[in-house]
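A quick write-up on the structure given underneath.
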Amino acid sequence: MEIHDLNAFLYDFFKAHHCPILTNHDGVLTIQLTEEMDKVLMNRPFYWHYIKKMGYPGDPMQLTLITNPDKRQEKGEWIHFGSPRLQQIIRYLQQAEKYTKLFQQLNPNVNTPLFPWLVTNIKISYQGKHKRDELFSIGLNLINGVLKSDMMDLLKAISLETTISDYCYTLSPMIKLHSGYKRIESVLDQYVESQEHSWAVEALQALEEETKLLHHFYTEDTEDETMERELKEIQERFQPKITYHVVNGGLFYLASDTA
């Protein structure tokens, strides 16, 4: 997950999870956690077990996160790229919120349809002598089949919530989700096939050289099992392959003039 502005990322994360932002100034962010976020982040299972057993509402904690290096000595938790707290938040997003369903927020005076869009953020990995990744954000209109690239850039400018606005209603998809994903995958296949693949040739050459070197160093007295294991490791490292990985995605209901 690529994060350019850590303070903004944290602000957006807690805001999206309905945690009141108490202060946010000069790289010091103080949040009032909800019960859900307290359970996710603060590692107090026995407290919540006891509270629920006693029938009490519980008291979620406040959390102060410091992203400004000049403020590290202030009261709070210093958080940075690679810190355990940030990794905890990222793991939660990857595991619990890989897929979502959101609705564009509107204030219409008449009944307004919302169109279903399948949005996927997919990482293409090219692995051979070296490894290279590309990230694609693609949206597919499940009514008319229109495809949009850089879909996340478009969504950033739209107000989205988990509940639908008044006077809005959703249209039923004409394209099934599985079929929609296959269409997106087909577009990626065409993109990959159109690329120049000298990297794969270099990987195969490196595989051949490493295999020859391995056979050179091993003698007839060497155990076949050992050589086979090392040969397999070389093949796994250098054999060129391309894989797709869905980072996250979801179903987004948008107004007809949005995309």
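Quantities reported herein were computed from a predicted structural model and do not represent experimental measurements. Starting from 1, each residue takes its place in the sequence as its number.
The structure places CD of Gln235 at 6.5 Å from OG1 of Thr211, a figure rounded to the nearest 0.5 Å. How far CZ of Phe14 is from CD1 of Ile21: 7.5 Å, rounded to the nearest 0.5 Å. Interatomic distance, Leu204 CG to His197 NE2, rounded to the nearest 0.5 Å: 12.5 Å. Residue Thr100 holds its OG1 atom at 9.5 Å from CG of Asn248, rounded to the nearest 0.5 Å. For the atom pair OG1 of Thr170 and CD1 of Ile164, the computed distance is 5.5 Å after rounding to the nearest 0.5 Å. Rounding to the nearest 0.5 angstrom, the gap separating the NZ atom in Lys129 from the CG atom in Leu207 is 12.0 Å.
Tyr167 is linked by a side-chain contact (heavy atoms from CB on, under 4.5 Å) to Pro108, Asn111, counting only residues two or more places apart in sequence or in another chain. A search for ring-ring contact (aromatic ring centres under 6.0 Å, His included) contacts involving Trp48 returns nothing, not counting sequence neighbours. Not a single salt bridge (charged side-chain N to carboxylate O under 4.0 Å, His left out) links Arg229 to another residue, sequence neighbours left out. Residues forming a salt bridge (charged side-chain N to carboxylate O under 4.0 Å, His left out) with Lys39 (at least two apart in sequence, or on another chain): Glu35. Remark: Asn109 engages no residue in a side-chain contact (heavy atoms from CB on, under 4.5 Å) (not counting sequence neighbours). Taking Leu177 as the reference, Leu118, Leu142, Leu251 meet the side-chain contact (heavy atoms from CB on, under 4.5 Å) condition, with sequence neighbours excluded. Under the ring-ring contact (aromatic ring centres under 6.0 Å, His included) criterion, Tyr181 pairs with no residue, sequence neighbours left out.
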Test side chain to side chain contact (heavy atoms under 4.5 Å, CB included) applied to Val28 and Asn68, step by step: CA-CA 7 Å; Val28 181; Asn68 185 346; 5.5 Å; no

Test log, rule side chain to side chain donor-acceptor pair (under 3.5 Å), inputs Tyr244 and Asp189: CA-CA 10 Å; Tyr244 298 164; Asp189 289 342; 2.6 Å; yes

Candidate pair Lys182 and His178, rule side chain to side chain contact (heavy atoms under 4.5 Å, CB included), full reasoning: CA-CA 6 Å; Lys182 287 299 182 183; His178 179 73; 3.8 Å; yes

Audit row: Val187, Arg183, side chain to side chain contact (heavy atoms under 4.5 Å, CB included) steps and yes/no: CA-CA 6 Å; Val187 170; Arg183 292 193 187 196; 5.9 Å; no

Step-by-step side chain to side chain contact (heavy atoms under 4.5 Å, CB included) determination, Leu102 to Phe252: CA-CA 5 Å; Leu102 296 172; Phe252 291 75; 3.7 Å; yes

Verdict with supporting geometry, Arg237 and Glu233, salt bridge (Lys or Arg N to Asp or Glu O under 4.0 Å): CA-CA 6 Å; Arg237 190 168 58 213; Glu233 291 174 356; over 6 Å; no

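At a threshold of 4.5 Å between non-hydrogen side-chain atoms, the residues Ile138 and Leu188 count as touching. Residues Gln239 and Ile234 have side chains not in contact (no heavy-atom distance under 4.5 Å, counting atoms from C-beta outward). Taking 4.5 Å as the limit, every side-chain heavy atom of Leu10 sits out of range of all side-chain heavy atoms of Ile31. Taking 4.5 Å as the limit, every side-chain heavy atom of Thr67 sits out of range of all side-chain heavy atoms of Phe9. At a threshold of 4.5 Å between non-hydrogen side-chain atoms, the residues Leu171 and Tyr253 do not count as touching. Side-chain contact check for Phe238 versus Glu209: every heavy-atom pair is 4.5 Å or farther apart. Here the side chains of Trp78 and Pro69 are in contact, with some heavy-atom distance below 4.5 Å. Side chains of Asp38 and Arg44 form a contact here, defined as non-hydrogen atoms less than 4.5 Å apart.
If you chain together hydrophobic residues whose side chains sit under 4.5 Å apart, Met54 and Ile51 fall into the same group. Residues Phe46 and Leu41 do not share a hydrophobic cluster, clusters being chains of Ile/Leu/Val/Met/Phe/Trp/Tyr side chains in contact below 4.5 Å.
Salt bridge annotation for Glu228-Lys232: absent, with no cationic side-chain nitrogen under 4.0 angstrom from a carboxylate oxygen.
Within a 6.0 Å radius of NZ in Lys52, more than 12 heavy atoms belonging to other residues, nucleotides or ligands are found. Within a 6.0 Å sphere centred on CE of Met174, heavy atoms belonging to other residues, nucleotides or ligands number 12 at most. The environment of NZ in Lys241 is crowded: more than 12 heavy-atom neighbours from other residues, nucleotides or ligands sit within 6.0 Å. Asn107 CG: 12 or fewer foreign heavy atoms inside a 6.0 Å radius. No more than 12 heavy-atom neighbours from other residues, nucleotides or ligands sit within 6.0 angstrom of CD on Gln73.
In the model, Asn7 has a side-chain atom that pairs as donor or acceptor with a side-chain atom of Asn24 under 3.5 Å. Side-chain contact, Glu196 with Ser198: a donor N or O sits under 3.5 Å from an acceptor N or O. Side chains of Arg85 and Gln88: a donor-acceptor N/O pair is present below 3.5 angstrom, by distance only.
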Without placing hydrogens or testing angles, list every side-chain donor-acceptor pair under 3.5 Å for residues 150-162, not counting sequence neighbours.
none

Side-chain polar contacts of residues 56-66 - donor-acceptor pairs under 3.5 angstrom, sequence neighbours left out - could you list them?
{"unit_1": "Gln62", "atom_1": "NE2", "unit_2": "Gln32", "atom_2": "OE1", "d": "3.3"}
{"unit_1": "Thr64", "atom_1": "OG1", "unit_2": "Thr30", "atom_2": "OG1", "d": "3.0"}

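Residues in residues 120-139 take part in these ring pair (Phe, Tyr, Trp, His ring centres under 6.0 Å) pairs, two or more places apart or across chains: Tyr126-Trp199, Phe136-Tyr191.
Ser125 approaches Asp133 most closely through the heavy-atom pair OG-OD1, 2.7 Å. Nearest approach of Thr34 to His18, heavy atoms of both residues: CG2-O, 3.2 Å. Between Gln104 and Leu114 the shortest heavy-atom distance is O-CD1, 4.3 Å. When all heavy atoms of Ile143 and Pro116 are compared, the closest pair comes out as CG1-CD, 3.6 Å. Among all heavy-atom pairs drawn from Trp117 and Val146, the shortest one is CZ3-O, 3.7 Å.
Applying the 4.5 Å side-chain rule to ILVMFWY residues, one finds that Val110 remains a lone member of its cluster. The hydrophobic side chain of Leu22 is isolated, with no ILVMFWY side chain under 4.5 Å apart from it.
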